[in-house]
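Lettering follows sequence order; numbering is per chain, from 1.
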There are 2 protein chains.
Amino acid sequence: MSPVHRTPQRTAPGDRAVDSLTFDLDRTSPVPLYYQLAQQLEAAIEHGVLAPGNLLGNEVDLSVRLGLSRPTVRQAIQSLVDKGLLVRRRGVGTQVVHSQVKRPLELSSLYDDLESAGQGPSTRVLRNERIPASPDVAAALGLAEGTEVTVLERLRSTHGQPVAFLCNYLPPALLELPTERLESTGLYRMLRSAGIALHSARQSIGARSATAEEAALLDEKEGAALLTMRRTAYDDTGRPVEYGSHVYRASRYAFDFQLLVRP
Amino acid sequence: MSPVHRTPQRTAPGDRAVDSLTFDLDRTSPVPLYYQLAQQLEAAIEHGVLAPGNLLGNEVDLSVRLGLSRPTVRQAIQSLVDKGLLVRRRGVGTQVVHSQVKRPLELSSLYDDLESAGQGPSTRVLRNERIPASPDVAAALGLAEGTEVTVLERLRSTHGQPVAFLCNYLPPALLELPTERLESTGLYRMLRSAGIALHSARQSIGARSATAEEAALLDEKEGAALLTMRRTAYDDTGRPVEYGSHVYRASRYAFDFQLLVRP
DNA sequence: AAGTGGTCTAGACCACTCT
DNA sequence: GAGTGGTCTAGACCACTTG
């Protein structure tokens with residue numbers, strides 16, 4: 001037999017596990033084809049069906065097998081490359097990335113973080129009112145000094161122990177912020193429900209020693225190390241949506257995340 | 001005149017500044033056309049030629065004007081959307097994002113950070129030797145316990161004042177790490193020069209109080225708040241390349257970055 | 001109804017890597 | 001030289017937003 005012929009049993013020297021996968025593409029679905037493919041590929045990687053080491057190959061073969069055009073297949077693959085799950089090498093092929101790549105990094109919500117860690121977060125609203133913006137708040141939110149803004153002060157706890165003191169400022173009339181809802185969910189979730197799509201944020205993470213007030217509030221000793229985070233979040237038009245100044249107990253919280261390097 | 005007619009002077013109600021721009025595309029260049037276009041668009045945005053508020057429009061018009069196909073123009077625009085400089089709205093158009101979006105966030109090198117801030121960083125290598133990997137280092141680097149690894153301890157300063165104490169571990173035989181070079185540049189820059197492309201990293205940022213030794217080293221008082229960062233960096237195949245445990249003087253350093261939310 | 005981005009196709013040629 | 005991804009074209013239809 002010439003090497004051109006391939007028996008159904010053996011596929012290719014590289015041993016491509018994709019060849020044994022079946023994909024379920026629904027052309028009547030409103031979900032884009034490239035997205036359906038990307039999701040199924042991601043699931044295969046997630047479940048280990050696609051080996052973490054090497055494999056996956058040949059965009060053109062894959063496209064004819066799936067009955068899709070090559071650009072469509074490429075778009076699916078590209079989205080997973082962007083997520084850090086796949087790596088392309090010209091002249092070589094596309095490989096599943098070796099190691100643990102899970103959370104590409106998010107504009108993290110403390111509430112969601114704690115909840116997904118099974119920590120059962122609770123919130124006590126200490127302050128929820130409208131005040132004239134101070135110079136720094138006005139600057140952060142791009143408003144005139146003295147404009148009325150909403151100020152929120154919240155104490156977040158898990159297992160009955162305080163974790164963080166959160167101080168946030170929001171532009172006027174952006175959304176309703178009933179104290180009861182704030183006690184049962186996170187601010188970012190409320191923003192999302194109100195149709196406010198976050199787009200970007202500037203963050204600064206630092207540390208300092210606890211003042212006497214902070215120590216009392218957070219059940220720490222005065223002078224204990226605290227993590228600090230200041231953040232301004234913007235919506236898709238670039239308008240500031242929220243400015244926050246947060247303080248975390250370093251003994252109970254750290255920022256965990258994963259970075260991807262853009263090529 | 002009916003509103004359908006447009007004089008050459010006035011272009012469109014939206015007043016698209018792109019129409020008055022000229023683009024210089026070189027088909028003989030090895031640089032991809034979409035990339036050339038993206039760069040020139042980015043420069044126009046950077047220099048304020050493209051208004052920060054609204055504008056930019058119609059992919060098909062733009063493509064015929066430039067003599068490119070629409071997918072190519074789309075690819076250029078998409079890359080700027082990914083960078084957070086543009087926003088697309090179906091049925092509306094593509095707009096330049098309002099506010100300050102500069103550094104999308106990087107796998108930051110402290111040396112580069114300080115240098116770009118004009119701080120003229122200097123490094124003192126306190127330790128540079130090979131030792132058997134301890135359990136935690138072995139786990140972080142995916143090696144067997146006791147495998148020989150390179151350990152680096154460095155003190156980084158600006159203006160003669162210490163800023164951070166950096167402790168790093170690298171797999172054996174990855175690259176040469178002459179102490180002289182380490183004193184004059186950053187570790188990540190040396191990795192890059194050695195052809196090691198960083199792909200992703202897991203980071204954890206926290207805080208704690210300085211021990212007596214750390215205080216002495218960093219010119220702080222014992223118990224002062226310190227920023228801590230632990231990071232494992234991986235290359236494109238997913239192999240761990242570096243594990244670091246860093247301590248920063250909170251009084252002199254904070255992590256500044258910008259986040260983009262994936263849609 | 002008109003205009004926009006979102007998706008998709010079926011080809012093509014090139015640059016790179018490996019053997 | 002064979003195989004891979006990288007780029008590019010010239011169309012097409014659909015979904016959404018706006019007037």
Side-chain angles (χ1 to χ4, degrees), chain A residues 2-4 6 11-16 18-19 25-38 54-82 86-96 195 236-237 263, chain B residues 2-6 11-14 16 18-19 25-38 54-82 86-96 195 236-237 263:
Chain A
S2 100
V4 178
R6 290 177 184 162
T11 51
D15 206 14
R16 306 188 308 220
V18 223
D19 297 346
L25 300 175
D26 178 7
R27 294 191 103 95
T28 71
S29 161
V31 178
L33 290 171
Y34 80 90
Y35 193 79
Q36 294 183 37
L37 177 55
N54 35 5
L55 324 185
L56 197 86
N58 203 324
E59 300 174 350
V60 308
D61 283 4
L62 195 55
S63 65
V64 303
R65 186 160 78 84
L66 299 175
L68 297 175
S69 69
R70 186 184 164 204
T72 301
V73 172
R74 258 187 85 76
Q75 193 174 359
I77 292 177
Q78 186 60 45
S79 70
L80 297 185
V81 171
D82 290 342
L86 297 177
V87 184
R88 289 200 225 249
R89 296 169 188 278
R90 190 190 288 216
V92 179
T94 304
Q95 302 179 313
V96 179
D236 8 2
T237 71
Chain B
S2 98
V4 177
H5 292 276
R6 289 174 185 165
T11 51
R16 306 188 307 219
V18 223
D19 298 346
L25 301 174
D26 178 6
R27 295 190 103 96
T28 72
S29 162
V31 178
L33 290 171
Y34 80 89
Y35 193 78
Q36 294 183 37
L37 176 55
N54 36 5
L55 324 186
L56 197 86
N58 202 324
E59 301 174 351
V60 309
D61 284 2
L62 196 53
S63 64
V64 301
R65 185 159 78 84
L66 299 176
L68 297 175
S69 69
R70 186 184 164 206
T72 302
V73 172
R74 257 187 87 76
Q75 193 175 359
I77 292 177
Q78 186 60 45
S79 70
L80 297 185
V81 170
D82 289 342
L86 298 177
V87 184
R88 289 198 223 249
R89 295 169 187 279
R90 192 190 287 218
V92 180
T94 304
Q95 301 179 315
V96 179
D236 21 7
T237 72

Query - Integer-rounded Å distance: D:dG6 C1' and A:E59 CD - result: 9 Å
Requested in this report: Mark yes or no for a side-chain to base donor-acceptor pair under 3.5 Å between A:R90 and D:dG3, with no hydrogen or angle criteria applied.
Outcome: no
Requested in this report: Nearest 0.5 Å please: distance from the CG atom of A:N58 over to the CZ atom of A:R70.
Outcome: 8.5 Å
Query raised in the report: Tell me: CD1 of B:I77 to C1' of C:dT4, nearest whole Å?
Result: 11 Å
**Report entry** Non-hydrogen side-chain atoms of B:D26 and B:V31 separated by less than 4.5 Å
**Finding:** no
Report summary line: Of all heavy-atom pairs linking A:L25 and A:Q36, the shortest is CA-OE1, 3.4 Å
Query raised in the report: Once you round it to whole Å, what is the distance between P of C:dT7 and CG of A:L66?
Result: 18 Å
Report task. Answer with base, sugar-phosphate or nothing: what part of the nucleic acid does B:P71 contact at a heavy-atom distance below 4.0 Å? Result -> base
Report summary line: Between A:R70 and A:Y35, whichever has its closest DNA chain C nucleotide further toward 5' is A:Y35
Report task. May I ask you to evaluate whether B:T72 reaches the phosphate of D:dT9, defined as a side-chain N or O under 4.0 Å from OP1 or OP2? Result -> yes
**Report entry** DNA chain C: 5'-proximal contact among A:R89 and A:Y34 (nearest heavy atom)
**Finding:** A:Y34
Report task. Return the value, rounded to whole Å, for the distance between atom CG of B:L37 and atom P of D:dT7. Result -> 14 Å
Requested in this report: For A:Q78 and for A:G91, locate the closest nucleotide of DNA chain D by heavy-atom distance; then report the residue assigned to the nucleotide nearer the 5' terminus.
Outcome: A:G91
Report task. Please round to the nearest 0.5 Å and tell me the distance separating atom CD of A:Q78 and atom CD of A:E59. Result -> 9.0 Å
Query raised in the report: Is any side-chain N or O of A:R27 closer than 4.0 Å to OP1 or OP2 of C:dT9?
Result: yes
Query raised in the report: Side-chain N or O of A:R74 less than 4.0 angstrom from OP1 or OP2 on D:dC8?
Result: no
Query raised in the report: Rounded to whole angstrom units, what separation is found between the CG atom of B:D61 and the P atom of D:dA10?
Result: 16 Å
Query raised in the report: Should B:T94 be listed as having a side-chain N or O under 4.0 Å from OP1 or OP2 of C:dG5?
Result: yes
**Report entry** Length of the line joining A:L86:CG and D:dG6:P, which is rounded to integer Å
**Finding:** 12 Å
Query - Nearest-Å distance for atom pair CG/P, residues B:N58 and D:dT17 - result: 18 Å
Query - Residue-phosphate contact under 4.0 Å: B:S69 side-chain N/O, D:dG11 OP1/OP2 - result: no
Requested in this report: Calculate the interatomic distance between B:Q95 atom CD and C:dG5 atom P; express it in whole Å.
Outcome: 10 Å
Query raised in the report: Which distance, rounded to the nearest 0.5 Å, do you find between the CD1 of A:I77 and the CG of A:L62?
Result: 6.0 Å
